Amino acid sequence: MTQTPQNTKKLFIKTYGCQMNVYDSDRMADALAPHGYEPVTDMATADLVLLNTCHIREKASEKVFSELGRLKELQAARREDGQDLLIGVAGCVAQAEGEEIARRAPVVDMVFGPQAYHRLPDMVAKAAGSRHLHPALRKPVIDTDFPEEDKFDHLPAPQKEVVIKRGLTAFLTVQEGCDKFCSFCVVPYTRGAEVSRPVRQVLAEARGLVTGGVKEITLLGQNVNAYHGLDEAGKSVGLGQLAYLLAEIEGLERLRYTTSHPRDMDDGLIAAHRDLGILMPYLHLPVQSGSDTMLKAMNRRHTRDDYMRVIDKIKSARSDMALSGDFIVGFPGETDKDFEDTLKIIADVGYASAYSFKYSTRPGTPGANLDGQIEEAVKNERLYRLQALVDAQTTAFHASCVGKTLPVLIERKGRMAGQVGGRSPYLQAVHFEGSTDLIGQILPLEIIGTSTNSLVGKLSQAALNNSDISHDSTRKSVSVDESRVA
Ligand code: SAM
Ligand code: SF4
């Protein structure tokens, strides 16, 4: 395929699941851009539709098949109009179900896993090339290998104009895959072994993003704090060291990372939180359960006490650290006492936010074969109680911000006329009366109230005049009031 204005085609990517998939979808769009594909927001107008799937949630593949049912109708309608529509399934469902997708949904032209995105232009060319064949002779392109080569070496860097369009915040995948094998989780099977991108590659991509106007980067990985990329000298660099290197990039104001595993929360990373104001005081650190029996059954490889020790260290390094977590209720064998232990750890830690899930079996994971599966009604009741506790903590956390002045990265127009909105260091949405000219700045906002899931701010002239909320990335810490604790 060549890039000519005449062959500009429309690309629609539907993204399911986590931020890593959002990042991957952007990279797929980047890979196809030099071949004339332009992203569109209306699926009905697309020449190529890609479903970037996620296997974490229950009924993930059913959702994909019902979307493919709708696409079949769209494809038929396009053909009646003398046009065509290519359809691809990417991501973890594609990786897990490969041939099965092609068998059950002949409408699909390509099925490919997360390690094959750099080969997408070739796959599209191949699929497009076989469209003239009779459907019985056409075979979908299937690519679910875990290749030795590094896909990031082959994916093009996002172009400056594209970065500008995507906005002030960006994701940057630094690590993929997982070697932990928690007994409930499909990730090690769908994303493969843990791999870290070389430091040089990460820094180059981050610099490119900043040149395009990005002010906040969130480093991504299934186990991001297990990052151990090699530097130019071939030395392994941890996530903490990487943060120090990224902090030197002029114009980069904020750095976040997700998702972390408690076992990989090492002293180097904790020290980076102490030293680098650029590293935002918000940490998503899933524990899953507060019961040691459950943690063992889940193969988490840490105890409740290990987790609490990590939390203590983090809070000593950065007293205003806001914490977030993931919880699973109803893992096989979970007793009332185990569940009470989970409520207890939530009460002890005090979360600013948390994600919670009812356990659901994933074929091929050890958890699927365990005795003692928990009844749905019990799972529902536990989830309800857990979420009520977390909601109360989130509300209290938001309320504790009222009266403080927080630096907010102003990112967009607000929902109401005359409002603009952004994010606090603790990842809370904040909106306030202000002009859209402020978008792109980090400004001190006085928090004057809360509304559902967000804060209400006011641009404080006094704070603006007096604030030393500068953006020296290596400063010890931002000068927000750090007395509040998550
Ligand atoms: N790597 C992260 C960690 O170790 O905590 C988690 C990544 S996983 C993609 C996101 C979350 O989905 C998990 O933390 C877990 O709470 C939830 N999850 C994964 N498998 C699940 C399952 N079989 N049933 C319910 N929740 C699940
Ligand atoms: Fe899944 Fe556990 Fe790996 Fe997280 S650490 S991705 S939960 S196997």
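Along the sequence shown, residues are numbered consecutively beginning with 1. In listed order, ligands and their atoms are each counted from 1. Nothing here was measured: the structure is a model prediction, and the numbers come from that model.
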What part of Phe184 sits under 4.0 Å from ligand 1 if we count only heavy atoms: the side chain, the backbone, both or neither?
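Near ligand 1, Phe184 shows its backbone as well as its side chain.
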Under 3.5 Å: donor-acceptor pair, side chain of [X], backbone of [Y]:
{"X": "Ser424", "Y": "Val408", "result": "no"}
{"X": "Asp24", "Y": "Gly91", "result": "no"}
{"X": "Gln222", "Y": "Val224", "result": "no"}
{"X": "Tyr307", "Y": "Leu285", "result": "yes"}
{"X": "Thr211", "Y": "Arg207", "result": "yes"}

Geometric cation-pi criterion Arg119 and Phe112, 6.0 Å radius, 45° cone
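No, a cation-pi geometry is absent between Arg119 and Phe112.
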Which residue supplies the protein heavy atom nearest to [atom], what is that atom called, and how far is it?
{"atom": "atom 24 (N) of ligand 1", "answer": "Ser360 N, 3.2 Å"}
{"atom": "atom 10 (C) of ligand 1", "answer": "Asp326 OD2, 3.7 Å"}
{"atom": "atom 26 (N) of ligand 1", "answer": "Phe357 CB, 3.5 Å"}
{"atom": "atom 9 (C) of ligand 1", "answer": "Ile56 CD1, 3.4 Å"}
{"atom": "atom 27 (C) of ligand 1", "answer": "Ile328 CD1, 3.7 Å"}

Ring centres of Tyr257 and Tyr227 under 6.0 Å apart?
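No: the rings miss the under 6.0 Å criterion.
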Would you confirm whether the ring centroid of Tyr282 sits within less than 6.0 angstrom of the ring centroid of Tyr426?
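That pair fails the under 6.0 Å test.
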Compute the shortest N/O to N/O distance between [X] and ligand 1 and return yes if it is under 3.5 Å, no if not.
{"X": "Gln222", "value": "yes"}
{"X": "Gln288", "value": "yes"}
{"X": "Thr259", "value": "no"}
{"X": "His261", "value": "no"}

Which atoms from ligand 1 have a heavy atom of Lys358 less than 4.0 Å away?
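Near Lys358, meaning under 4.0 Å from one of its heavy atoms, ligand 1 has 24 (N), 25 (C).
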I'd like to check which ligand 1 atoms, numbered from 1 as shown, lie under 4.0 Å from a non-hydrogen atom of Pro286.
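Counting from 1, the qualifying ligand atoms are 5 (O).
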Does atom 7 (C) of ligand 1 have a protein heavy-atom neighbour under 4.0 Å away?
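Answer no: nothing from the protein, no heavy atom, is under 4.0 Å.
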Would you mind telling me which of Asp348, Asp341, Thr342 makes a side chain to side chain donor-acceptor pair (under 3.5 Å) with Lys344?
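It is Asp348; the other options fail the test.
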Could you give the distance from CD1 (Ile345) to OG (Ser289), rounded to the nearest 0.5 Å?
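Answer for the CD1-OG pair, Ile345 versus Ser289, is 8.0 Å.
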Tell me whether Arg300 reaches ligand 1 (any heavy atom closer than 4.0 angstrom to a ligand atom).
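Arg300 counts as a contact of ligand 1 under the 4.0 Å cut-off.
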Reference residue Leu255; test side chain to side chain contact (heavy atoms under 4.5 Å, CB included); the match among Leu172, Ile249, Ile217:
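When Leu172, Ile249, Ile217 are each tested with Leu255, the side chain to side chain contact (heavy atoms under 4.5 Å, CB included) holds only for Ile217.
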So, Ser356 versus Gln387: side-chain donor-acceptor pair below 3.5 Å or not?
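The answer is yes; a qualifying pair exists.
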Taking atom types as modelled and ignoring hydrogens, do the side chains of Thr303 and Asp306 form a donor-acceptor contact shorter than 3.5 angstrom?
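Side chains of Thr303 and Asp306: pair found under 3.5 Å.
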Atom 2 (Fe) of ligand 2 neighbourhood, protein N/O/S only, threshold under 2.8 Å
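Less than 2.8 Å away from atom 2 (Fe) of ligand 2 sit Cys182 SG.
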